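Single-structure report; data block below.
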Amino acid sequence: MFGGTDKGTKVYIETFGCTANLGDERRLRVMLRRSGYELVSDETQADIVIVNTCTVVQRTELNVLRRIEELRERGKEVVVAGCMAAAQPELLRAKFGDVKLITPAEVQRLPLDFELDGVIGIVNIANGCVGNCTYCIVKRARGKLRSYETHEIVRAVENLVHRGAKEIRLTAQDCSAYGLDRGGCSGSSSRDRSRLPSLLSEVTAVPGDFKMRVGMMNPFTLLDILDETLDAFEHEKVFKFFHVPVQSGSDSVLRDMKRPYSVEDFKEIARSIRRKFKDCVLCTDFIIGFPTETEEDFQQSLELLKELKPEKVNITRFSPRPGTEAAKLKDLLEREKKRRSRIFAETYHKIALEKNQELVGAVKEVLVTEEGVKGGVIARDAAYRTIVLKERLPLGMKLTVKIVGAKSTYLVATPAA
Ligand code: F3S
């Protein structure tokens, strides 16, 4: 991939951004090892550092650029992979000369084989999307939707489970768009063999003791397969975790964002999920301070938040991204965007804390999936809530715990006697 022979060359990879980008890193790792590179866990030992970049918001872009600069100042050879390599090659060349780039499209050509980290496996099921959101740079980075064949995905899951994966994250820029590029069409029926519900029934049929977390599903691609998708989520191997980004509680802002659904459509999705699954996590994303967002639009987002009370919310303060339609609109004042984001975040944390506090005293079956940053471990319940235990337990262990504490973004538990 870098040309020449590479036996023993030490490579360190640092990834920014989403689970899909992390999936790309894990694929790259398999390829690099096979080509004879040695992967190291610390940049100081590395001959080459691959910075696997993200550019979804301006702040991340700036962090990435700073990091590349810092590594080059330390004398490291830097290779830039990920979304910036595809969306902003001119910027990278202007700053760093003829720096070597690896685009996501090049990673897509590698075999669908992922390195396992601990007990969490990641499987990218598609790349790109079918949307045209006016604020989004990801389309430039990842292009049109290309879904992997079901049998390739099933094989990737089997490999990971065979190597000890207990949690598999199925990921894509839009999981519910899966298959739309391969004959699956909007308005598809339950007989449609190429879309997400059918993929889920294939991967849950893989033998072994593991659970799947399905990644982001856009309302406009989820709507016409909603019932079948919810049926597929009933399987015990699927976490009852629904990440459906709404982005705004105002229909006029959604129109300006070119998100082809209404707030009512989103509410219908949320209600259907909650009707079917008494215990679930509804996760959504809001962009605050889109250029055409008025105070009234903002209040509508706030009302939607208070009405639906999602368990998890990702809040992004709007920043113009180069080459997008929204970048041509007059941006709101930074001060105003900050004010709205602060109010929004405070409201969300209050709601989330109240919901989590209701769970104190509950007894739950959990799966230990990660080491905690401050010692102890992180476990997941059936709805994929983050549950922190201070005990050092083996990864992959299943146990019964009692919830003894609550924060807005996680629960604290102890093993039940
Ligand atoms: Fe970032 Fe690219 Fe993911 S822009 S959020 S790494 S798809």
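Source: prediction; values computed, not measured. The figures that follow rest on heavy atoms only: side chains count, while hydrogens, waters and symmetry mates do not.
At a cut-off of 3.5 Å, with distance as the only test, no side-chain donor of Arg140 or Gln88 sits close to an acceptor on the other residue. For the residue pair Ser272 / Glu268, a side-chain donor-acceptor distance below 3.5 Å is found, with atom types taken as modelled. Neither side chain, Thr60 nor Asn63, offers a donor N or O lying under 3.5 Å from an acceptor on the other.
A pairwise comparison of heavy atoms in Leu196 and Ser176 identifies CD2-CA, 4.1 Å as the closest pair. Heavy-atom minimum distance, Ala379 versus Leu389: CB-CD1, 3.8 Å. Summarising the geometry of Phe266 relative to Val244, their closest heavy-atom pair is CE1-O, 3.3 Å, with the distance given to 0.1 Å.
Salt-bridge annotation for Lys337 and Glu293: absent, with no side-chain N of the basic residue lying under 4.0 Å from a carboxylate O of the acidic one. Note on Lys76 versus Glu70: no salt bridge recorded, every NZ/NE/NH1/NH2 to OD/OE distance being 4.0 Å or above. Between Lys309 and Glu354 no salt bridge is recorded (no basic side-chain N to carboxylate O distance below 4.0 Å). The pair Lys240-Asp279 does not count as a salt bridge, with every side-chain nitrogen at least 4.0 angstrom from each carboxylate oxygen. A salt bridge is defined here as a Lys NZ or Arg NE, NH1 or NH2 lying under 4.0 Å from an Asp or Glu carboxylate O, and Asp231 with Lys276 meets this definition. Using a cutoff of 4.0 Å between basic side-chain nitrogens and carboxylate oxygens, Lys398 and Glu167 are not scored as salt-bridged. For Glu346 and Arg342, the salt-bridge test passes: some basic side-chain N is under 4.0 Å from an acidic carboxylate O.
The backbone N or O of Lys10 lies less than 3.5 Å from a partner atom in the side chain of Asp47, making a donor-acceptor pair.
For the pairing with Glu115, the salt bridge (charged side-chain N to carboxylate O under 4.0 Å, His left out) check across Arg163, Arg34, Arg33 returns one residue only, Arg33.
Contact check for Leu32 versus Ile13: side-chain heavy atoms found under the 4.5 Å cut-off. Contact annotation: the side chain of Ile68 never approaches that of Lys95 to less than 4.5 Å [non-hydrogen atoms, C-beta and beyond].
Relative orientation of the Phe344 and Phe298 rings is tilted, given thresholds of 30° and 60° on the angle between their planes.
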Would you check, one step at a time, whether the test side-chain contact (heavy atoms from CB on, under 4.5 Å) holds for Arg321 with Val138? CA-CA 10 Å; Arg321 306 307 298 125; Val138 175; over 6 Å; no
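In this view, Tyr261 satisfies the ring pair (Phe, Tyr, Trp, His ring centres under 6.0 Å) rule with no residue, not counting sequence neighbours.
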